[in-house]
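Input: a single structure, listed below in structure tokens.
Hydrogens, waters and symmetry mates are skipped; everything else that's a heavy atom, side chains included, is used. In this text the structure is predicted, and so the values were computed from the model without any measurement. Sequence lines set the chain letters: A, B, ... in the order given, protein chains first and strands last, and positions in each chain run from 1.
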Amino acid sequence: MKWDHKASPRPTMGTLLEPLFNSSQLLVQPSCYAAVFQSFTGKSLLKQGKQLHAHMLLRGLRPTAFLAAKMVAMYASSGEISSASHIFYSARDPSSLLFNSIIRAFSLYKYSEETMHAYLRMHSLGFHGDNFTYPFVLKAIADLYFVHFGKCIHGLSMKDGLDFDIYVATSLIDMYVKCGELGDACRLFDEMPVRDVSSWNALISGYMRDGAVDLARELFNRMPLKNIVSWTSMISGYTQNGLAAEALQLFDEMSKEDSEVKPNWVTIMSILPACGYLSALEKGRKIHSFAQEKGLDSHPSVQTALIGMYAKCGSLADAQWCFNGIKPNSRNLVAWNTMITAYASHGLGVEAVRTFEHMIQAGIHPDGVTFTGLLAGCSHSGLVDTGLRYFESMSSVYSVERKHEHYACIVDLLGRAGRLVEAYEHICRMPMQAGASVWGSLLAAGRCHRNLEIAELAAKKLFVLEPENSGNYVLLSNMHAEAGMWEKVKNLRALQKSQSVKKNPGSSWIEINGKAHLFHGGDTASHDQTKEIYLLLEELPGKMKAAGYIPDTTFALHDVSEEEKEISLTTHSEKLAIAFGLVNTSPGTVLRVTKNLRICGDCHTAIKFISKIYEREIIVRDVNRFHHFKEGSCSCGDYW
DNA sequence: GTAGGGTTAG
């Protein structure tokens with residue numbers, strides 16, 4: 001008989017049996033319980049499952065190993081792992097099936113230590129693992145990063161003759177990949193007599209993690225059959241390796257009408273960061289509406305990725321809109337973290353704090369990422385004492401471990417506020433070795449407050465920790481120049497040369513009508529409209545003076561940021577991109593520019609004037625944060 | 001049952 005779905009939803013065995021179990025008269029054959037437990041899968045039937053469990057206890061029945069396995073699976077299917085665990089540990093004589101059930105339950109819910117413990121007990125009682133045991137155990141090993149253990153398990157699976165079972169072998173590849181043992185993963189893949197799509201996918205993911213993008217692509221091209229995971233792995237791999245354009249190309253290819261494999265919600269979630277990386281707002285919007293059309297936008301993770309994309313593309317309003325669109329009880333930790341970080345990067349510390357408090361009220365427990373966002377927000381808005389209080393509360397209230405990145409935030413927070421000595425004292429009191437980000441914060445603070453002593457101290461550490469970072473040399477060199485210490489400038493140049501530090505060329509881009517236009521500092525001939533751009537830039541100083549600009553000669557002479565010295569200030573890449581935007585958009589259009597380095601001081605001043613003179617809102621994203629220029633001022637309060 | 005995933009300081 002066919003069930004008429006329109007008339008009413010098809011009852012499951014569980015819903016049919018519910019009334020029977022509510023009547024205590026009913027006596028069931030003990031052998032029936034297992035089948036009934038098996039039918040009570042999923043959260044919606046948990047209540048019935050519990051009733052049946054109680055019913056059984058009332059009758060004084062002790063579950064057999066077989067029945068216990070079914071009960072474990074029942075509780076696991078609704079995430080009640082503690083109940084499942086309780087049944088497992090109180091079973092008298094366990095069976096392979098019971099071990100497999102609990103191992104699956106623990107592993108799927110990431111109780112990785114418990115998974116290992118259950119497996120070890122299974123092993124010590126003399127049970128052999130089968131092709132249902134190993135994949136879950138290996139997942140736990142990968143999660144715990146127990147390579148050594150993983151190799152033992154590989155050996156054991158070999159003894160059981162399962163190491164080339166398609167599921168076990170693929171899980172082994174995945175385990176090796178996740179533990180950073182790509183060599184072992186490759187060897188196993190080569191030796192496998194039969195592979196399936198998943199085996200290829202596991203190895204592609206391994207190459208991508210290792211940064212071997214081309215080898216991953218080769219596998220992708222060579223594999224006999226590609227499925228949605230293959231495509232999505234390539235896309236996320238490209239994105240994570242900074243190859244956003246390649247990711248977008250693959251995404252477009254699979255989004256075509258005639259494509260055999262179509263994007264699903266994971267694909268959408270994986271491609272959005274590529275738009276964020278490129279600040280490709282138009283492209284991001286297109287993918288958003290594509291997802292809406294295909295009904296792929298309702299998943300909380302997609303909505304979270306949308307928040308991040310819009311925030312990175314400079315549209316905080318859209319980010320907020322997406323956040324508000326997530327059902328309150330679906331707003332998980334990552335969604336909150338993304339929103340808090342979005343506010344922080346746009347310099348809205350008060351909003352970041354407010355969002356954090358809402359999160360706490362909503363009963364979500366913060367983690368380390370929450371606090372990096374929150375503290376960065378406080379720092380960007382000068383909320384020094386608030387930030388310090390939250391830093392304190394991390395251990396005293398929320399028991400979240402204070403890690404290196406949090407110390408970097410605190411040094412930044414104090415440093416920006418001019419409390420340089422306190423910042424340095426914090427570094428001295430750190431429970432771990434201070435790394436580049438901490439000293440980098442201190443160097444920036446020293447520069448901001450023209451404290452040469454502190455800056456030199458920080459730079460000295462940085463020259464050891466990251467000798468290849470040209471920004472540090474430039475920053476200190478500029479300070480020496482400002483102070484007229486030409487001898488030191490010369491020495492620093494020599495040091496930089498001896499370390500063979502490559503200059504990091506500055507570049508900026510702007511998206512107009514969905515097309516990105518890239519500019520390098522000093523570009524003179526790469527665009528059709530070079531003439532118009534330069535014309536606009538040449539008349540700028542005059543207009544700026546008329547608008548009240550008083551040139552600061554020391555600043556203009558020496559503060560050229562990381563952009564090459566020989567490139568004149570007027571042709572810094574961010575200025576070129578903005579000029580291009582002014583020429584090619586109608587009056588009043590918001591300009592969004594992205595720069596690969598920190599925005600330079602002179603450009604910052606100039607853009608403030610441009611926003612006033614041309615009556616434009618200009619949003620610049622630099623390596624660290626966003627600057628919203630409007631009516632002659634910037635959201636960062638000239639503090640960055 | 002195995003493979004793909006959104007948030008992280010200067």
Side-chain angles (χ1 to χ4, degrees), chain A residues 100 103-104 107-108 130-136 138-139 165-175 177-178 196-206 208 227-237 239-240 264-273 276 299-309 311-312 332-342 344-345 367-377 379-380 403-413 415-416 435-445 447 458 462 466 469 471-472 475 598 622-625 640:
Chain A
N100 277 355
I103 285 170
R104 175 179 184 274
S107 175
L108 288 179
D130 64 15
N131 56 338
F132 280 81
T133 320
Y134 288 112
F136 294 111
L138 289 164
K139 200 187 183 76
D165 172 271
I166 202 112
Y167 281 102
V168 176
T170 302
S171 302
L172 279 166
I173 292 175
D174 182 57
M175 180 276 293
V177 156
K178 287 185 177 146
D196 69 1
V197 190
S198 305
S199 329
W200 288 82
N201 290 346
L203 199 60
I204 285 180
S205 148
M208 281 299 194
N227 65 9
I228 180 72
V229 178
S230 327
W231 284 83
T232 306
S233 301
M234 286 301 296
I235 288 172
S236 64
T239 307
Q240 279 156 13
N264 64 8
W265 68 269
V266 185
T267 322
I268 301 293
M269 195 181 66
S270 308
I271 192 62
L272 288 170
H299 198 287
S301 299
V302 170
Q303 292 170 318
T304 303
L306 283 166
I307 301 171
M309 181 276 289
K312 286 219 166 66
N332 62 13
L333 176 65
V334 182
W336 286 100
N337 284 355
T338 308
M339 199 61 233
I340 290 170
T341 307
S345 69
D367 70 353
V369 178
T370 318
F371 283 98
T372 42
L374 181 63
L375 296 175
S379 178
H380 289 164
K403 296 215 259 192
H404 189 268
E405 57 264 36
H406 303 113
Y407 284 90
C409 288
I410 288 300
V411 171
D412 186 56
L413 181 83
R416 263 176 221 280
S437 56
V438 164
W439 292 114
S441 294
L442 192 68
L443 173 60
R447 203 217 73 132
L462 285 165
E466 41 176 31
N469 185 340
N472 299 328
L475 222 68
R598 229 175 75 117
D622 75 5
V623 263
N624 296 329
R625 58 169 297 167
W640 82 101

> Just checking A:Thr232: base, sugar-phosphate only, or nothing, at a heavy-atom cut-off of under 4.0 Å?
Replying inline: base

> Checking all strands, does A:Trp200 fall into the base, sugar-phosphate, or nothing category for heavy-atom contacts under 4.0 angstrom?
Replying inline: nothing

>> Any base atoms under 4.0 Å from A:Asn332, or only sugar-phosphate, or nothing? Heavy atoms, all strands.
In response: base

>> Contact between A:Thr267 and A:Ile228 at the side-chain level, heavy atoms closer than 4.5 Å - yes or no?
In response: yes

>> Checking contacts here: which listed nucleotide (B:dG5, B:dA3, B:dA9) is nearest the side-chain heavy atoms of A:Cys409?
In response: B:dA9

> Of all the choices, B:dG10, B:dG6, B:dG4, which nucleotide is nearest to the side chain of A:Ser441 once you look at every atom?
Replying inline: B:dG10

>> Check the phosphate of B:dA9 against A:Lys403, side-chain N and O only, distance under 4.0 Å to OP1 or OP2. Yes or no?
In response: no

>> Base, sugar-phosphate or nothing for A:Ile228? Non-hydrogen atoms, less than 4.0 Å.
In response: base

> Which of these nucleotides, B:dG10, B:dT8, B:dG6, is closest to any side-chain atom of A:Val369?
Replying inline: B:dT8

>> Is it the case that the side chains of A:Ser230 and A:Asn227 hold a donor-acceptor pair, with the cut-off being a distance below 3.5 Å and no angle test?
In response: yes

> B:dT2, B:dG5, B:dG4: which one has an atom nearest the side-chain heavy atoms of A:Ser198?
Replying inline: B:dT2

> Nearest-Å distance, CZ (A:Arg598) to C1' (B:dG10)?
Replying inline: 9 Å

> With a 4.5 Å limit on heavy-atom distance, are the side chains of A:Val168 and A:Leu172 in contact?
Replying inline: yes

> In whole Å, what is the span from the CG atom of A:Leu333 to the P atom of B:dT8?
Replying inline: 12 Å

>> At 4.0 Å (heavy atoms only), tell me whether A:Phe371 reaches a base, stays on the sugar-phosphate, or touches nothing.
In response: nothing

>> Taking donor-acceptor contacts at under 3.5 Å, does the side chain of A:Asn227 reach the base of B:dG4?
In response: no

>> On the nucleotide B:dG4, are OP1 or OP2 found under 4.0 Å from the side-chain N or O atoms that A:Lys178 carries?
In response: yes

> Roughly, in whole Å, what's the span from CD1 in A:Ile235 to P in B:dA3?
Replying inline: 19 Å

> Considering only heavy atoms from C-beta outward, does the side chain of A:Met208 approach that of A:Met234 to under 4.5 Å?
Replying inline: yes

> Of the nucleotides B:dG6, B:dG10, B:dA3, which one has an atom closest to the side chain of A:Ala305?
Replying inline: B:dG6

> Starting at CZ of A:Arg447 and ending at P of B:dG10, how long is that distance when rounded to a whole Å?
Replying inline: 15 Å

> Quick one: does A:Thr304 reach the base of B:dG6 with a side-chain donor-acceptor pair under 3.5 Å?
Replying inline: yes

> Atom CG of A:Leu172 to atom P of B:dA3: distance rounded to whole Å?
Replying inline: 12 Å

>> Would you say A:Ser236 places a side-chain N or O within less than 4.0 Å of OP1 or OP2 belonging to B:dG4?
In response: no

> Can you find an N or O donor on one side and an acceptor on the other, under 3.5 Å apart, linking the side chain of A:Ser301 with the base of B:dG6?
Replying inline: yes

>> Closest approach to the side chain of A:Thr170, judged atom by atom: which nucleotide of B:dG4, B:dG6, B:dT2 is it?
In response: B:dT2

>> Using the side-chain heavy atoms of A:Gln240, tell me which of these nucleotides is nearest: B:dT2, B:dT7, B:dG5.
In response: B:dG5

>> Parallel, tilted or perpendicular: which one describes the rings of A:His299 and A:Trp265, with boundaries at 30° and 60°?
In response: parallel

>> Looking at A:His380, I'd like to know whether one of its side-chain N or O atoms comes within less than 4.0 Å of OP1 or OP2 on B:dG10.
In response: yes

>> Given B:dT8, B:dG10, B:dT2, identify the nucleotide with an atom nearest to the side chain of A:Thr341.
In response: B:dT8

>> I'd like to know if the side chain of A:Asn201 pairs up with that of A:Ser233 as donor and acceptor (distance under 3.5 Å, no hydrogens or angles considered).
In response: no

> For B:dT8, does OP1 or OP2 lie under 4.0 Å from any side-chain N or O of A:Lys312?
Replying inline: yes

> To the nearest Å, how far apart are A:His404 NE2 and B:dT8 P?
Replying inline: 18 Å

> Over how many whole Å does the gap from A:Leu375 atom CG to B:dA9 atom P extend?
Replying inline: 12 Å

> Rounded to whole angstroms, how far apart are CD1 on A:Ile410 and C1' on B:dG10?
Replying inline: 14 Å

> Do A:Leu108 and A:Phe136 have side chains that get closer than 4.5 Å, going by heavy atoms?
Replying inline: yes

> If you check the A:Thr372 side chain, which of B:dA3, B:dT8, B:dG4 turns out closest?
Replying inline: B:dT8

>> Taking the minimum atom-to-atom distance to the side chain of A:Ala444, which one of B:dG10, B:dT2, B:dG5 wins?
In response: B:dG10

> How would you label the contact of A:Ala436 with the nucleic acid (heavy atoms, under 4.0 Å): base, sugar-phosphate, or nothing?
Replying inline: base

